Amino acid sequence: MRDTLKLLPNELTGMLHEAIRSAQADASLPAFDIPALDVRPSKRADQGDFSVAVMALSKLARGNPLDIAQKIAAHMPAAEFLAATEVAPPGYINFRVNPVWLKAQVNAIIAEGDQVFQLETGQGKRAQVEFVSANPTAPLHIGRSRGAIVGDAVARVLEATGYEVQREYYFNNAGVQMTNLGKSLRLRYLQALGDPIDENELTYQGEYLKDIATKLVSERGDALRDSDWKPFKEYAETEMFEIIKTTLKRVDILHNQFFNENSLYDSGAVWDVLKELEQKGYTYKASVPEDADAEERADAGDKGEAIWFRSTQFGDAKDRVLVKANGDPTYTLPDIAYHKDKIERGFDICVNILGADHYVQHQVVRHGVTALGLDASKIHVIIVQIVHLLRGGEKVKMSSRKGDFETLDDLIDQTSADAVRYGLLARTSDSHLNFDLDLAVKQTNENPVYYIQYAHVRCAGIFREAALRGVTDDGADLNLLGDAEMAFLRKALELGEVLELAASHLEPHRVAFYALELANTFHPIFDNVRVLHSEVPPEVAKARLRFYRAAQVILKRVLRLMGMTAPEVM
RNA sequence: GUGCCUAUAGCUCAGCGGAUAGAGCGCUUGCCUACGGAGCAAGAAGUCGGGGGUUCGAAUCCCUCUAGGCACGCCA
């Protein structure tokens, strides 16, 4: 299967350009620059398999759209996969795929196996996807998990188009939060040793610290009774990261790079960035921003002088503090240094998955990167909107401080890793996500995940039964396949385009919707196209058996692209 | 008040400049002596939040209004 044939719309677009140039060469059409032509799968069978609207050429070619369409169609070059080119009013060109070629794709699909529709458009390019990036203070919160699922799905889609992808986790283990974590664990530790404690002093009240404290007591006894928070922070951090990694592994997410914010201080990168911004004249020292009005000046109080970044020069609504009056940097400064580091590591694209609440912060970082003279356009951001948990139709409140939150682990326990992956992936990142816990707990067919996986299971069922009856697909004649099977193959051939769009637009939800459409195409065929039935001639059975092998390859590939399992039985 | 996101079938959501607006669930009616019925077939269900505008053509682009969400720290 050549790469171009995995992307039939691209192939047809190229042929259309050729046809138009050819028509211009023999003066059938006047000279004009060819605009973008959008070839897409047709919606209905009478409109062929692929269609393109050429009405927009009407002005350029100074003629009526139908005539133009006919002239282009007449000049279309021949291709093995293309059976017919038809024209329809008011100015559509419809393409029909050659059935013989289509049926032969069954063998191509089987030959590609787990790598089917592996594209090469991103070949030789390196991408980085930064996601999750939660500080190791608590188990992964459900609010973080949407970004986790989307981030990993983006990484998988980029890999499918040929990119070399790095999955990165950015964290800070030096902040106030981590100190509080250490102090909280220390209290839980003392409690585990039998000392009375005041639970109101616990910043982190979750049960998980009790478990870690118990483990610590079993390892060290009361040896740490007189220690301050520091060894507890170290221990808690290590344990928390193990817990987080274990959770992520449950949904098949594996980061291959953990980037510690502290390394930017150790290397001096943070202060180098500040110096560079100062040298370029983008900073100033003041107690209030330069453009502050009288009221703001009055409200400012006396915090002392901070170092400000003139982000307003880059379109920001206000200038931002880089270094506080007490000499400590804000989060912004190291974040700019981090993104500078990312760009300088030479990735072709850096994708950053952020929650909606980080949108403004990211804009500031982007301005900082631009101020340093770097190309901020390499940084792509996917903003995932808030997840609301619903139970009994009511919103469930989530807090990672009080310990009554819903973690990703909770969600997986109540449903399944596959249901969580699909549920969090199957909508656009822009949309606010309502996760219905009641529905998720049900594990009924109301969840599309079962519908999709069931298609794969049904294929496996055929092969099991075929093996028992000694039926094989040796010497199968694919021309014996019928219209129903071809309908599925047409759908299967859309996968290349789906992946290409999902990668170029950074929209992995496209794969989730495609999966549902694919299953929706599969099930009616399964019902009507029997393999092991007494009325099915042996040679037809062979062809159909091979067809189902190809169907299973496609279904498995799509499930794996979403990070889901492809079960043989359910 | 300002910025960003959202508003499409009873519900959850796709579609984001092209031909009669789609899917799943739910609902109605059929289909089990055939490889697993977690299935299939048929059907009902939509002034694409309201109003203007651009275009040969708008759910899609622009303006505006309404409703909901998230942000607007010398927090991280």
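Predicted model, so just to flag it, every value in this text is computed and none were measured. A note on names: the letters A, B, ... follow the listed sequences, proteins ahead of strands, and every chain is numbered from 1.
- Considering only the side chain of A:Asn520, B:A23 comes nearest among B:A23, B:A38, B:G15.
- Taking a pair as Watson-Crick or G-U wobble with both distances under 3.5 Å, the runs of three or more consecutive pairs in RNA chain B are B:1-7 with B:66-72, B:10-13 with B:22-25, B:27-31 with B:39-43, B:49-53 with B:61-65.
- Classification of A:Asp474 and A:Lys542 as a salt-bridged pair fails, no side-chain N sitting under 4.0 Å from a carboxylate O.
- Syn is the classification of B:C32, since its glycosidic angle stays within 90° of 0.
- Within the structure, salt bridge (charged side-chain N to carboxylate O under 4.0 Å, His left out) pairs that include any residue of residues 499-522 of chain A comprise A:Lys491-A:Glu517, A:Glu507-A:Arg510 (at least two apart or interchain).
- Between the side chain of A:Asp46 and the base of B:A19, no donor-acceptor pair under 3.5 Å is found.
- Where A:Ala466 and A:Tyr359 each meet RNA chain B at their nearest nucleotide, the meeting point lying more 5' is that of A:Tyr359.
- When distances run from any side-chain atom of A:Arg427 to the nucleotides B:C72, B:U12, B:U55, the shortest one goes to B:U12.
- Listed candidates were B:G24, B:U6, B:A76. Nearest to the side chain of A:Asp430 is B:U6.
- Comparing A:Ser429 and A:Met55 by the nucleotide of RNA chain B that holds the closest heavy atom to each, the one mapping nearer the 5' end is A:Ser429.
- No donor-acceptor contact under 3.5 Å links the side chain of A:Thr330 to the base of B:A76.
- Side-chain proximity of A:Arg458 to the nucleotides B:C70, B:G37, B:G15 is greatest for B:G37.
- Comparing B:U12 with B:U20, their P atoms are spaced 29 Å from each other, to the whole Å.
- With B:G36, B:C74, B:C5 as the candidates, the nucleotide lying closest to the side chain of A:Trp308 is B:C74.
- Closest to the side chain of A:Arg530, out of B:A14, B:C70, B:A34, is B:A34.
- For A:Lys318, taking side-chain heavy atoms from C-beta onward, the closest of the listed nucleotides B:A71, B:G73, B:A38 is B:G73.
- When distances are taken from the side chain of A:Val321 to each of B:C5, B:C74, B:G24, the shortest belongs to B:C74.
- Within the cation-pi definition used here (under 6.0 Å to the ring centroid, within 45° of the axis), A:Arg530 qualifies as a partner of A:Phe526.
- Residues satisfying the ring pair (Phe, Tyr, Trp, His ring centres under 6.0 Å) test with A:Tyr359, not counting sequence neighbours, are none.
- Distances from the side chain of A:His523 to the nucleotides B:G69, B:C40, B:G36 place B:C40 closest.
- In summary, A:Asp316 and A:Arg320 engage in a salt bridge, as defined by a charged side-chain N under 4.0 Å from a carboxylate O.
- Across all non-hydrogen atoms, the minimal contact from A:Thr330 to A:Val321 is OG1-O, 2.9 Å.
- Distance from the side chain of A:Lys324 is smallest to B:A76 among B:A14, B:C35, B:A76.
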